Amino acid sequence: MLTAGSAARPVVAAVVARTARLVLLLTAVAVASFVLMVNSPVDPVAAYVGADVASLGPAQRALIAQRWGLDDPAHERFLSWFGNLLGGDFGFSLTFNRPVLEVIGDKFLASLALMALAWLLSGVLGFGLGLVAGVRRGWFADRAITWLSYALASAPTFWVGLLLLYVFAVSLNWAPVCCAVPIGVPADEVGLGDRLAHLALPAITLSVVGIAPVVLHTRQAVVDALASDHVAFARAQGERGVGLVLHRVVRNAAAPALLLQFGSLGELFGGSVLAEQVFSYPGLGAATTTAALGQDVPLLLGIALFTTVLVFAGNLVGDRVHALLDPRSRLVDLRGTR
Amino acid sequence: MSTAPLLEIRSLAVSFTQYDRGLRRRTVTALAGMDLTADRGELVALVGASGAGKSLLAHAVLGMLPPNAVESGTVRFDGVVLDPAARRDRAGRDLALLPQSVTFLDPVTPVFRQVRRAAVLAGRSAPDAVAGAALEHRGLGPEVHRRYPHQLSGGQVRRVLTAMALMGDPALVVADEPTPGLPAEAVRAALADLRRIADRHRAVVLITHDLAAALEVADRVVICRHGRTVDEARPADFHTDELTHPYTRALWHALPGNGFRLTEDA
Amino acid sequence: MTALVPPAVGRIDRRTRTLVLLGVSAAVVLGVLVAGSWAQDAAQTTSLGERNSAPSAGHWFGTDWLGRDVLARVLSGLRMSLVVGTTAAAISAVVALVLACAATVGGPKVDAVVGWLVDLFMALPHLVLLLMLAFALGGGTDAVIVAVAVTHWPHLTRVLRGQAKQVVNSDYATVAVQLGRSRWWVAREHVAGHLAGHFLVGLILLFPHAILHEAALSFLGLGVDPAEPSTGILLAESMRFLSAGAWWLAVLPGLCLLLLVKVVDGIGENLRSLLNPRSHHL
Amino acid sequence: MTLRADDVWFRYSRKSPWVVAGVSLSVEPGEVVGLHGPSGAGKSTLGRVLSGSLHPHRGEVSVDGRPPRPGRGTANPVQLVAQHAHLALDPLWKVRRSLAETGAADSALDALDPALAPPALLDRFPHEISGGEAQRVNLGRALLANPRFLVADEVTASLDPISQVELWGLISAAVDARGIGVLTISHDRPLLDVVAHRVLDFRELVRTPA
Amino acid sequence: MPGSAWWRAVAVAAVGVAVASCSGEGRRASAGTPTELRLAIGGESEEGYDPTLGWGRYGSPLFQSTLLTRDADLQVVNDLATRHEVSPDGLVWTVDIRTDAKFTDGEPVTARDVAYTFTAAAKSGGSTDVTVLREAVAVDDDTVELRLTKPQSTFVNRLVSLGIVPEHAHGPDYARKPVGSGPFVFEQWDEGQQLIVRRNDAYYGAKPAFERVVFVFTGEDASLAAARSGQVDVAALPPSLATGELPGLRLTRVESVDNRGIAFPFEPDEGRRTAEGRPIGNDVTSDRAVRRAVNVALDRQALVDGVLNGYGRPATGPVDGLPWNEPAAAITDKDPEGAKRALEAAGWVDADGDGVRERGGTEAEFPLLYPAGDSVRQGLALAVADMLKPIGIAVTPKGESWDVIRTRMHADPVLFGWGSHDATEMFNLYSSAQAGVELWNPALYRNAVVDGELDAAMAAVDPGRAGEHWKAAQRQFGPGADAAWAWLVNLDHVYYADACLDLGRLQVEPHGHGWPITQGIAGWKWTC
């Protein structure tokens, strides 16, 4: 039997253990990514120069390499980069010509709105549909929802985005074709409606893609819950219909659904890379592509670390929320047992 | 007042379809022909080997079989034939299931809310007071109200389940395998509880595989084998060796206390 | 599925249906492979007189801006996607199998290392890791195969490791040891049999993921060689022609990719339901 | 030739409490010893320690002065049969293959006592046979390994009374014919009183943890 | 972006699409002459707007002004400078600047700022190459001396393209808050989306007709969609998308030297390799007869019509349309029969009847490499292969990454694209001094006469003399003589522009579609 007092110490220990794990993880990610980046056969200077290759001579290229510190041996570059990292300095983005942390901060703010909206949409819709499918298991609604989920799971994110773009922006002209703000409007005149209008299609794209796993897992959780002993007992007491779902199923199904939803931040971010590319939405996802295509090693490393923390934090929050909803799981590291 | 027994089950059969590895379909006949009656004030034990589908009988009586199950036979309640839907309607009020395992409580809802919900379903007014009283009556004070099922001891769980099952003052209580894994004293206590329920003018059907324990509390014992009722006897018949059916006799003599032997006709 | 709907509705036996579906799906995949290689030349043939034409009897999927037949390009693109997906999934699955076996047989230390590796790879968003790997390997088809393979083993490893551990800790494995059988014998005779099904299903279910990720990478411009386009490249190209009204360049290849992924996914799910009927979603 | 446990201590990890604490007992050949105790008391753990699949932290278990261990290709002289019969059979293997795991030749299998494994049973999968049949196969497999001792842990707890009698008949026959010693673990005192020569109470064997 | 706004945004997400339907309205509906110009011509400079890092190297730097500029005929005229003069040894460029120019922060533009700008650009590792500069010295307030390490007549292009930055305001965040003396003032930059600039009312030159100009950084497709719906006034688009007229929009074609051509490896294959281990030489293309035959056989107009959708011109050399182009170097093409005769004469015959000629055991076949992601080059390569097949030369087009192309370019023909207002490029492509440097002279072309002319052109102090040498070189390496390259086409840069917008006379644009059109932006105006 657990009481609050006895639980406190393990919680502290768990937090310490988690933090240690995160630090270890980040170190590993940093080292591994750096090794990968440095060994890339692609010449970053050539990528930076791009089409200007006609007008730049070897002397200028040497200057560029020098400015980026590409002359130093790899291990020195890593040590200085890693040292700066410990001091909170993520380095300097080459393509954006500003500190990595600033780039990430700026771009992430834009992505945050997109991801949060999509996350909520897919969570709420997915849970609702999964609930319906699970309760109506085997009936038409279930089959339709399940089929749709499988179809969505098989559809490439960017293609869904392309279709939406074609239908709603190009053909119907209902939504803007690009960007996060209307064209030519100074920042202080951009209204909430404008932002939402520009957010709508990318967010829908992103949520459409994330919805399938939520639906299917919720459905399974509902089916499991409905087959469980406690629902049998509730039925034996005359509980049925909406009451059964509300009182005996929702909470049981919500815990795994939330855990999944919080654990899906990584996928969500991956999706945002593609959605932002399709809709020219200037967020962190688009910056990731730019960094990868432009050989911007410091930015790419920064994004890798940042998203690792993001995913880690998502899982952590998910575990906490799960524990709130499902008292049995408290103090148990779910990730290890799943 | 009809003279028919409160519960009368005739030739109840249940089968359903299952798939094996490789998706080979097989139709599993879980119950092949069960006959059972129980009247108010009576505790009837249904005894058979484990895995013989006895639990399905409980679910069938309450109309809660899974959708892929096919049911045949008749179930009469107070002399009226009830189809599964009608039985479902009466579940919780006239018919109650009394399980004994912690898994029958919702793991993510505090105990009091579950009991209170049972009171609401039973149509009781002032469900808060009723629920509190029902727990109090079984020796469970406010300190357990906010606990989750996994924080209760086995005995507490049993009392909570009983409080919920009896909330609607049912005429019939079906107790499903209440004793496996319990130490002897606990088995005795659980069965004594059931006896008391029967003594309060309710019909109790006790589903168990423990013949010896059942004999101590039951008014009648129904023996089933391979999903079919084969015999019905009174506890006294066992002790005086007046058993007529060979399987019942074999079962009795196979018990360690009664010779631990195989009768030739088993 | 049958078990859950009222049995009064007459229908074909689920096993027969599953087997038929499996056969049809396999035939479709095979067909795409064959048709894809057959269409490779046609996919490259320019016909400057028939540029940007909408779907017609002559060109079912229309033509692109160089007058190339889109159907031929889609087929050869799908073949490319399949080849990349298959190779990546196979590498990934083998890595998963090796790691899972090492974790099971190699003792707690190896097990901890494998577990940590799995965590490490799962902590990074898939696409970021993919981008970094594709970048680090310098792009191109081989790089995509490696990148997709490297990012897809952790999940299957986890499944296989769990399964292998379950077998190793099972009563019958304990009995085998008590009967004088070595750990390797148990692994070979007991564990292998139980893993085979999961491995096969896991391998096939990796395909769709691999195909989708390949397409995503190619779409972003870090993927396979645009000269030998996979479906992702076709879709990326099509993006430039959306406003010009050339919907067939985007809609039809995407639809075909979706169908292919769905078919391969169906093979995996059907196989899984054959091996373990209860885990099936429907 | 005695199965002995001398002051055996066992726990699952450093942090968990002792499950088996200072237990000493012995089983002679041809003897059936009952071990009685409530569920969850650690009887099964003791059974696994005695059969050598768990190693005691302190004290020792011995047969003929040596700890019972399976050798390279030779079976453990102490074999264990546990409660859940189906769990001890690989679900993908036919019964014949499970029995052959002992190293017994096909001819030996066909010559096996039909009461243990009727020929018709040999070519079935575990899920195609009943619990009683599965437990008889388990017993047959243990006997094929020619053990000196048998640990029978709640072997009939999941069986109906008739199957229980049948299985114990087979065990007694083996005890009589081969002179093997049996330690039988159960929570069912009446059963132990019938099948065992002497009955030990687990609670009395365990010392209060130091 | 305040955080709370976002949460409110989330809360009313449902109305998003509805609102969206209103915001997509075109703006031409509103009456009156717009005071704002919106351009979707790409070209966002992700690293900001610092000329010393390369900003403004194509077209106008907007915020900054340059010493010199090129008019519509590409003739060099003064801008910030009032006079410039080159010392007889070509090593010192003396520039006088006007005294009435002010930076937008009110400070005057002085010779010190000019000297500072050139010095900073020479040292910065950016995309502008001023490494030839030894030092820049402000002689007095309005005179600056640029001292070079070697004579370079093309240094004038630095004076044309390098925007002058204020020494006092050129800090680390300059690129994001540029201050200059150009026609426009920086207002707002939504990275990845748009750049908004305002007219500089204190500008010393002719003031633009628009109060504000918005540059939208969308993809080609989105640009077209925006133009269609009237959200932008000018949109750059690839020829493949220029499918016809759109209501209210004029399809504007701008000629360019954005050319595409094939570099033929000049050396025979003798198994040699460069220091980096790259293979050298090709036994087919090292034969001048083959190179000439290819040049003669190609139907360049067909390439323009087919691959470029008609938006382009056949290329006669690397500098079509520029002042130093030599028209006399051109030849008549689309002559497969002539090509066949030339090949026969050189001993290339198809003896085995497989459709491919051979000579001395060498088949007349070669791969043609192009960067795999470039669809225009892919189209050209495929079409070239189709055209050369009838004359018995087998070409296999192969898309590769630049990394692969770099290692193969001395041994396999590569389809390159060049085109610059800076004649240095021609020097780089043909001088043996630049053989194998960067991507320059990838074919390792070597001709002493050409080298002599090119060196003379670079060293010339007088622009007219330089032009004569540039032309002489072209006659030597052109298709009628060495045929070192086979130039295929010059792309037209295609824009949709509002029918009411007068873009004035446009320059022949260099390589790089989009931004160069801004060269004359200060002179654009509405006509209706």
Side-chain angles (χ1 to χ4, degrees), chain A residues 21 24-25 28-29 32-33 35-42 137-139 143 146 150-151 153-160 162-163 165-166 170-171 177 216 219-220 265-271 273-274 277-278 285 288-289 291-293 295 300 303-304 307-308 310-312 315 335-336 338, chain C residues 1-6 115-117 119-120 122-139 143 158 162 208 211-213 215-216 219-222 231-232 235-236 238-239 242-243 245 247 250-251 253-255 257-266 269 281-282:
Chain A
R21 239 169 93 120
L24 191 65
L25 198 65
V29 168
S33 330
V35 168
L36 278 179
M37 300 288 109
V38 165
N39 288 321
S40 170
V42 186
R137 183 183 186 206
W139 297 86
R143 296 219 205 161
T146 316
Y150 274 117
S154 304
T157 314
F158 55 92
W159 184 63
V160 173
L162 281 180
L163 287 190
L165 187 72
Y166 181 71
V170 175
S171 293
V177 282
L216 295 175
R219 179 182 178 278
Q220 195 54 44
L265 287 189
E267 295 300 312
L268 190 71
F269 183 79
V273 171
L274 294 161
Q277 179 79 4
V278 172
T288 312
T289 316
L293 289 172
Q295 319 285 310
L300 211 49
I303 290 175
T307 47
T308 304
L310 188 76
V311 171
F312 193 88
N315 283 329
R335 222 137 299 282
R338 255 199 320 175
Chain C
M1 197 192 259
T2 343
L4 310 169
V5 293
W116 189 76
L117 270 180
D119 278 0
L120 179 70
M122 290 187 114
L124 261 175
H126 239 139
L127 206 65
V128 172
L129 186 58
L130 265 178
L131 282 174
M132 292 207 316
L133 278 167
F135 167 88
L137 298 167
R158 193 175 264 192
I211 292 173
L212 286 178
H213 276 112
F219 177 77
L220 292 174
L222 281 158
T231 327
L235 287 171
S238 79
M239 223 184 129
L242 268 192
S243 298
W247 54 269
V251 174
L255 208 59
L257 180 63
L258 189 149
L259 286 179
L260 182 71
V261 168
K262 191 93 189 57
V263 163
V264 177
D265 198 51
E269 287 295 343
H281 283 286
L282 285 179

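Just so it is clear: chains get the letters A, B, ... in the order the sequence lines come, proteins before strands, and each one is counted from 1. These figures come from a predicted structure and were not determined experimentally.
Taking each heavy atom of Ala28(A) and Trp116(C) in turn, the nearest pair found is CB-CH2, 3.4 Å. When all heavy atoms of Gly254(C) and Leu235(C) are compared, the closest pair comes out as N-CD2, 3.8 Å. Closest heavy-atom contact between Ala304(A) and Ser33(A): CB-OG, 4.5 Å. The shortest heavy-atom contact between Gly270(A) and Leu127(C) is O-CD2, 3.1 Å.
If you measure heavy-atom distances from Val278(A) to chain C, the contacts under 4.5 Å come from both the backbone and the side chain. Proximity to chain C (any heavy atom under 4.5 Å) is restricted, for Glu267(A), to the side chain, taken from C-beta onward. For Val251(C), the parts lying under 4.5 angstrom from a heavy atom of chain A are both the backbone and the side chain. Heavy-atom distances place no part of Thr231(C) under 4.5 Å from chain A, backbone and side chain included. Heavy atoms closer than 4.5 Å to chain C are found nowhere in Leu268(A), neither backbone nor side chain. Contact of Phe312(A) with chain C is not made at all, since no heavy-atom distance falls under 4.5 Å. Both the backbone and the side chain of Leu220(C) come within contact range of chain A, each with at least one heavy atom under 4.5 Å from a heavy atom of that chain. Only the side chain of Leu163(A) comes within less than 4.5 Å of a heavy atom of chain C; its backbone N, CA, C and O stay farther away. Looking at Ala32(A), there are no atoms closer than 4.5 Å to chain C (heavy atoms on both sides), in backbone or side chain.
For the pair Leu212(C)/Trp159(A), no side-chain contact is recorded, criterion being any heavy-atom separation below 4.5 Å from C-beta on. The closest side-chain heavy-atom distance from Leu162(A) to Tyr166(A) is not below 4.5 Å.
Of the residues Leu260(C), Val263(C), Val261(C), the one that meets the side chain to side chain contact (heavy atoms under 4.5 Å, CB included) test with Pro208(C) is Val261(C).
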